[in-house]
2 protein chains.
Amino acid sequence: MAPSRIAQTALYQEVAERLRLRIFAHEILPGTRIDEQALTADYGISRTPLREALKVLAAEGLVTLVPRRGCFVTEISEQDLDEIFPLMALLEGRCAFEATRRAKAADIADIEAIHQQLEEFAANRQIERFFEANQAFHYRVQAISGNRWLKQVVQDLRKVLKLTRLFSLSAEGRLIQSLTEHRALLAAIKSGDAGLAQTVMHDHILAGRQAVARTHATDES
Amino acid sequence: MAPSRIAQTALYQEVAERLRLRIFAHEILPGTRIDEQALTADYGISRTPLREALKVLAAEGLVTLVPRRGCFVTEISEQDLDEIFPLMALLEGRCAFEATRRAKAADIADIEAIHQQLEEFAANRQIERFFEANQAFHYRVQAISGNRWLKQVVQDLRKVLKLTRLFSLSAEGRLIQSLTEHRALLAAIKSGDAGLAQTVMHDHILAGRQAVARTHATDES
DNA sequence: GCGAATAATACTGTATCCATAATTATGTTT
DNA sequence: AAACATAATTATGGATACAGTATTATTCGC
């Protein structure tokens, strides 16, 4: 059997991914209307795959489809943040709990390597890369937890959080604190204390909410 | 501002809903391929809105889109159930917790009325209606919890659970036990003991997993 | 001059059409 | 007779065309 290439991605998937990146990069701001015709001209495609891509993004909550009115990038309110962060704290706490119980030696080595990157990027004040390594760390913990559905839900919610411009901005002022929390998290996982890992992760996420709130206050003034 | 008719549903939404109902009714079994052309002929529509509807269902996890191969109703494995139920227990537990803290007198009256229906349908062995009232009860608790995102996540996961034929089958043998658990749940919420409500709901969901497992065992033999 | 109504324009929603890839059937060869 | 290869048919993916509605602009009336 020839190693058939596994599921060549369809055009609408590529378009969805490109739009995701543009939305996450805040190139298209929340509240903005997405002009189908303009995008088809921009990407050099027809409206069919674009519209299908928008349906996918709508299901993810990144855009809102208003019948006969068009497609708008979802706006996240302060209340949404107050609802999503505690939920994320609950879910990622569970991830940490399960990951701690299931982690093999190789898994520990993995997240330790990622944590080492965090230490370096923090020391060198490489905020962007720190942000990425941070995501990789959380992603890895979710994977180790071994619950596909838990991972999926967490990642979907994280996508929504990334809509907030303040979310990425807030990372900067929180670099040292975040690093400290990650040290405690890694220690908890390595010690095998699942309950502790859960608590540390939970509080780590909630601290993220506080940082966004502070950034918001600074931003407004 | 005239009371503009609020978002007349687009055709793809109606089609998505009709397909959802057919899938939940196990009229289209998991693993089955969905023939686009046959459905367009059946519904008397063109392929465009149907394809958009399928993208939506795919995002919900009800169907799986394989590029160049077609669309298949998602098959849920035993492992999926082992992953989803504990997650639901965690989330619905949180719903019960928050709902207990936030419930006003009118909310209590609401769920008490729904519970009363449960009692009646159980007494009359009206399984189908019991199943519906049960859903309404959980739905109401989620609404009272006041967290839109929590509610959304729980409802998305429940949709996936409804793919399982055993899920509805298992309800029958569990009628009495389920009713007993609901009595305890209602009592906990009315007493205002959020922690207790959380625990009771958590265990109630996990008991549902056990029932599915038992049904599965019976089904196999 | 301002407001309301009507017309024109533009964009969303749906249908049809074409191309490409996958599957199935038939024929040939071993 | 069975297996493999090739050809034909069918269905999916993408593009284009058409219809209906919403928005905006212009004109008419007050």
If I take atom [atom1] in residue [X] and atom [atom2] in nucleotide [N], what distance separates them, rounded to the nearest angstrom?
| X | N | atom1 | atom2 | value |
| --- | --- | --- | --- | --- |
| A/Tyr43 | D/dG14 | OH | C1' | 17 Å |
| A/Glu36 | C/dC11 | CD | P | 10 Å |
| A/Asp35 | D/dA22 | CG | P | 18 Å |

Counting any heavy atom closer than 4.0 Å, what does B/Arg69 reach on the DNA or RNA strands: base, sugar-phosphate only, or nothing?
sugar-phosphate
Of the nucleotides C/dG13, D/dG13, D/dA15, which one has an atom closest to the side chain of A/Ile45?
D/dA15
As a test of reading the structure: which of D/dG14, C/dT14, C/dC11 is closest to the side chain of A/Arg47, going by heavy atoms?
C/dT14
Does a donor on one side chain sit under 3.5 Å from an acceptor on the other, for A/His115 and A/His182?
no
Looking at [N], I'd like to know if its phosphate oxygens (OP1 or OP2) sit under 4.0 Å from a side-chain N or O belonging to [X].
| X | N | answer |
| --- | --- | --- |
| B/Ser46 | C/dA15 | yes |
| A/Arg68 | C/dG13 | no |
| A/Arg51 | D/dT16 | no |

For B/Glu92, the option from B/Arg158, B/Gln198, B/His204 that meets side chain to side chain donor-acceptor pair (under 3.5 Å)
B/Arg158
Student check: side-chain heavy atoms of B/Leu161 and B/Val212 closer than 4.5 Å:
no
Mind running side-chain contact (heavy atoms from CB on, under 4.5 Å) on B/Glu52 and A/Val56 for me, showing each step along the way?
CA-CA 9 Å; B/Glu52 291 181 354; A/Val56 174; over 6 Å; no
